[in-house]
Amino acid sequence: MEYTDLEKIRLQKIEKMRAAGDEPYPTRSNPTHTLKQATELFKEAEAKGDASPPEVTLAGRIRSLRAMGKLAFCHIEDSSGRLQLMLRVNELGEEALNRFKENFDLGDYIEASGVMIRTRTGEVSLQTKDFHMLAKAITPLPAAKDEVIDGEVVRHATLTDPEVRYRQRYADLAVNPDVREIFRARAATTRALRDFLDSRGFLEVETPILQPIYGGAAAKPFVTHHNQLKQDLYLRISFELYLKRLLVGMLDRVYEIGRDFRNEGVSFKHNPEFTQLEFYWAYADYLKVMDLTEEMLRYVSQEVLGKTKTTFGGQEIDFGGSWRRVELRQGLLDATGIDIDQHRSDAALEKAMRDQGLKPKPNQSRGKLIDAMIGDFLEPNFIQPTFLYNYPRDISPLAKSKPGNPAVVERFEGFVGGMELCNAFTELNDPLDQEARFIEMGRAYEDEDEERHPMDDDYLRAMRYGMPPNGGFGMGIDRLLMLLTDRRSIREVILFPHLREREE
RNA sequence: GGCCCAUUAGCUCAACUGGCAGAGCAGCUGACUCUUAAUCAGCGUGUUCCGAGUUCGAGUCUCGGAUGGGUCACCA
């Protein structure tokens, strides 16, 4: 461990303190109030004309420091806010004031007691009578100074290097208050989702993350191994197949909020582990799920932001109204001039795309070609909340076909801000059809071993006991957070996003 | 994985065509009893991401590598 010069100076201060019998890391701290409470207490006393100002003991981290000959000011901060300490030689004596000036640095935790007052400039402050170190910071926080403009703390020359911010998230959070706000919004979002679903009779459950057979999505899994059982296990890529087993078990409205893992590329909207909400709703179909989705996001936005509108990448997005609904066939016809219903085979659709001047990848299935067109021509333009519905069957092996049109399934995806946010369908509950689809998928993915959809016999057995008709729904919570907090990278809304390991 | 860009002091950034690596903040020393990006005087603290090469001389040019960002590919 190599210390920098700045760190060496602080280490010397620790030695000096210890030599003087002054513990830089005492075991206990006993603040009587948060900084916000202390400020409010003073303001109430002041309003009542109370002559004796409140006495308090406060704890926090030093964020600014201004020391004069016989007087020093500093701001301390806790999670409730910030407050100024005034340290005067009159109250403390010369020895104590010098001890403060010599030993305390930005970033240190301090406990201080005294009386709440207003300074001559009118700032509510603690007239400090006693203080001691709670925890000495050896490494200086990577921010220089801050100021308060209209009640907002503005840090000057703060930490901005994304790599350091993500790898040392603790430093990022300590120094950038707006980053802390993202994660408060994140907690508020999951709380609001739970409130919403709980109040509609949904039961929150937990299903296995370690699975002997993965499924529910087309993605490459992470593989791990159970030593004693001598068994390979997969980290789940979705919750779907377990949650739907619960419908068979008469838990007819269930949801889970948890982590999914996909062994694929990382990008501004993909992290190898991400948080997903899925719910399954017996006796509902994809149309009812659409309505509930609108309602749910309206509620979440209102709870988290206090309004239904959010700004994302400079564009205003409104969750207040009904979502635009675009039928997949019509949407693609309008965008590309291709009517997918007129091109029923892989080769026919590929040719139609070439005729329109598009450059489809060769030998793709019809469903994959359609999916590619959605990504290129529709998704980027769906800024306002939009449902795209009625998908091709071959890319939707767990969705139920439309009555009278077996090539199309009752599925929708929700897009907001040009990103896919959620995916839902009328769930396939016919065990014979499901078995046929698994076999079909197995064949389709023969060449790509890793993405192949394994046959899940236990899931089929469950379904044979009888699964109620139901609507299912999945949504990426991280992407929702990006929308609500106006962040263009998924890494901004994940506390510890995955980065490549670095040799030290 | 391909391509493009970036990496310089603790943080944020400079350094024209190759010519002694330097600012602000913080830090150190001193002054200062109401400051608040405190002020004033003084002090530059460095493996210029790493490794080779070209050159009298490389932060700068060439090659290889690392990490990050962007983009494309991938991604139901």
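Reminder, nothing fancy here: chain letters follow the sequence lines and each chain counts from 1.
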If a protein heavy atom is under 4.0 Å from the base, mark B; if only from the sugar-phosphate, S; if neither, -; do that for nucleotides 45-51 of chain B going 5' to 3'. SS-----
Contact pattern, 5' to 3', of nucleotides 33-41 of chain B - B, S or - by protein heavy atom under 4.0 Å: BBBBBB---
Which is true for A/K8 with a 4.0 Å heavy-atom rule: it touches a base, it touches only sugar-phosphate, or it touches nothing? nothing
Should A/M353 and A/T336 count as side-chain neighbours, where that means a heavy-atom distance under 4.5 Å? no
Considering residues, nucleotides and ligands other than A/K43, do more than 12 of their heavy atoms fall under 6.0 Å from its NZ? no
Nearest to side-chain heavy atoms of A/K361, which nucleotide of B/rG69, B/rC28, B/rC74: B/rC74
Can a donor-acceptor pair be found between the side chains of A/Y166 and A/E492 at a distance below 3.5 Å? yes
Does the side chain of A/N390 pick up a donor-acceptor pair with the side chain of A/E327 at under 3.5 Å? yes
Both A/R488 and A/G265 contact RNA chain B. Taking the nearest nucleotide for each, which residue is further toward the 5' end? A/R488
With pairs defined as Watson-Crick or G-U wobble and both distances under 3.5 angstrom, please note down RNA chain B as a dot-bracket string, | for pairing with another strand. (((((((..((((.....[..))))((((((.......))))).)...(((((..]....))))))))))))....
Go through B/rG68, B/rC75, B/rG10 for me and flag the one nearest to the A/R500 side chain. B/rG68
With the side chain defined as heavy atoms from C-beta on, A/L106 is closest, among B/rG68, B/rA26, B/rA76, to B/rA26
Indicate yes or no for a side-chain donor-acceptor contact from A/R491 to the backbone of A/P497 under 3.5 Å, with no hydrogens or angles considered. no
Which part of the nucleic acid does A/T139 contact within heavy-atom distance under 4.0 Å: base, sugar-phosphate only, or nothing? nothing
Regarding A/R262, tell me which of base, sugar-phosphate or nothing describes its non-hydrogen contacts under 4.0 Å with the strands shown. nothing
Would you mind reporting whether A/F425 and A/Y391 have side-chain heavy atoms less than 4.5 Å apart? no
Passing candidate, ring-ring contact (aromatic ring centres under 6.0 Å, His included) with A/F387, options A/F382, A/F412, A/Y286: A/F412
Would a 4.5 Å heavy-atom cut-off, applied to side chains only, mark A/K400 and A/D433 as touching? no
Inter-nucleotide P distance (B/rU60, B/rG70), Å rounded: 26 Å
Counting neighbours of NZ on A/K16 that are heavy atoms of other residues, nucleotides or ligands and sit closer than 6.0 Å, is the number greater than 12? yes
Is there side-chain contact between A/R479 and A/F274, with heavy atoms separated by less than 4.5 Å? no
